[in-house]
Amino acid sequence: MALRAAVLRHVRVPVQTLNPALTLTGGKWAPPSLRWMSSHGDDHLTKSEVTDRVLSVVKSFPKVDPSTVTPDVNFQKDLGLDSLDNVEIVIALEEEFKLEIPDLEAVRIDSANLAIEYIYNHPMAS
Amino acid sequence: MGPSSAPRRLSGMQKQVLSLYRGFLRAARTKSAEDRQRIESLVSIEFRRNAKEVDRKNFLYVEYLLRRGKKQLDQLRSPDIVGLSATNVSFSQTKDPTH
C-alpha cells in the first residue's frame, strides 16, 4: 500500500508540471483523452491495446465461445459463466497485465468493459 | 448453484468463498507449472462440487468449509508445499452425493 501510494505520488508530479490543465478535471474517471494518471511515459498501454488483450484473455477461456466475445459482454449474463469462472478470468487478467487487483475491485469486474476501464486506468498495468 | 441470470448481489458468505477461491488460484500461481495445473484443477473441482452439493443456507457447514479452506490455503502458501494431495482424503469423505 505504501509502495502504491509512493508510486502514485511519483506518477502525478510530471503530469501536473507538463500539463496543468489536466489536473482541473481531477477525477479518477476522467475521459480517456485526459489520462492524468497514466501519461507518465510512452510505455503505458493504449486503450485499444488494453481492449485487445482483455478480449483475447476472455476468448481463450476454455468455456467461452470466442465468436461471442465483444467489449460489451457481461461474463456471467452473456457468456453463461458462473461466479467462480468470473474469478478465474480476473485472475487471468491480473497475470496478463502483471498486476494484482484487490478483492474489493475484483468482485466488481464482471464485464469486459469494466475490466478494460480498470486496467486502462491502472498505473502499473503493463 | 447460484442463479446466474438474476441480478447479482453477493452475500458476505459468497464473497468469502470467492475470495478464498481467488487466494487458491493466486497461491497456485507461485508453484511450478505442473503443480500449478494440478492444484488449479483440484481446487476448481472441489469448489464447483461444493457449490452444487452444499445447501447455501447451511451456514454452519459453509463456515466450516471456509475455515478448512483457509487453513489449507495457508499451508499451500508455504513454499515447500507443492500440492493438495493430503487434503484429498478429507475431500473424498463428502464425495457421496446422496443427499
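Sequence lines set the chain letters: A, B, ... in the order given, protein chains first and strands last, and positions in each chain run from 1.
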Transitive ILVMFWY side-chain link A/F97 to A/F61, under 4.5 Å
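Per the 4.5 Å side-chain linkage, A/F97 and A/F61 are co-clustered.
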Transitive ILVMFWY side-chain link A/V87 to A/L114, under 4.5 Å
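Result: no, two separate clusters.
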If you count the non-hydrogen atoms of other residues, nucleotides and ligands that lie under 6.0 Å from NZ in B/K71, is the total more than 12?
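No, NZ of B/K71 has 12 or fewer neighbouring heavy atoms, counting only those of other groups under 6.0 Å.
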Please determine whether the number of non-hydrogen atoms from other residues, nucleotides or ligands lying under 6.0 Å from atom CD of B/Q37 exceeds 12.
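Incorrect, the count does not exceed 12.
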Evaluate A/D103 against B/K15 for side chain to side chain contact (heavy atoms under 4.5 Å, CB included), listing each step before the verdict.
CA-CA 9 Å; A/D103 272 13; B/K15 281 184 189 158; over 6 Å; no
With a 4.0 Å cut-off on N to O distance, would you call A/E105 and B/R22 a salt bridge?
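Judged by the 4.0 Å cut-off on N to carboxylate O distance, A/E105 and B/R22 do not form a salt bridge.
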So that I can tick it off, tell me whether A/D85 and B/R48 are bridged by a salt bridge, with the cut-off set at under 4.0 angstrom between side-chain N and carboxylate O.
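A salt bridge is present here (some side-chain N lies under 4.0 Å from a carboxylate O).
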Show the numbers, then the answer: is there a side chain to side chain contact (heavy atoms under 4.5 Å, CB included) between A/E100 and B/R26?
CA-CA 10 Å; A/E100 187 143 322; B/R26 283 205 180 120; 3.6 Å; yes
With a 4.5 Å heavy-atom cut-off, do A/E94 and B/R29 have their side chains touching?
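Yes, at least one pair of side-chain atoms sits under 4.5 Å.
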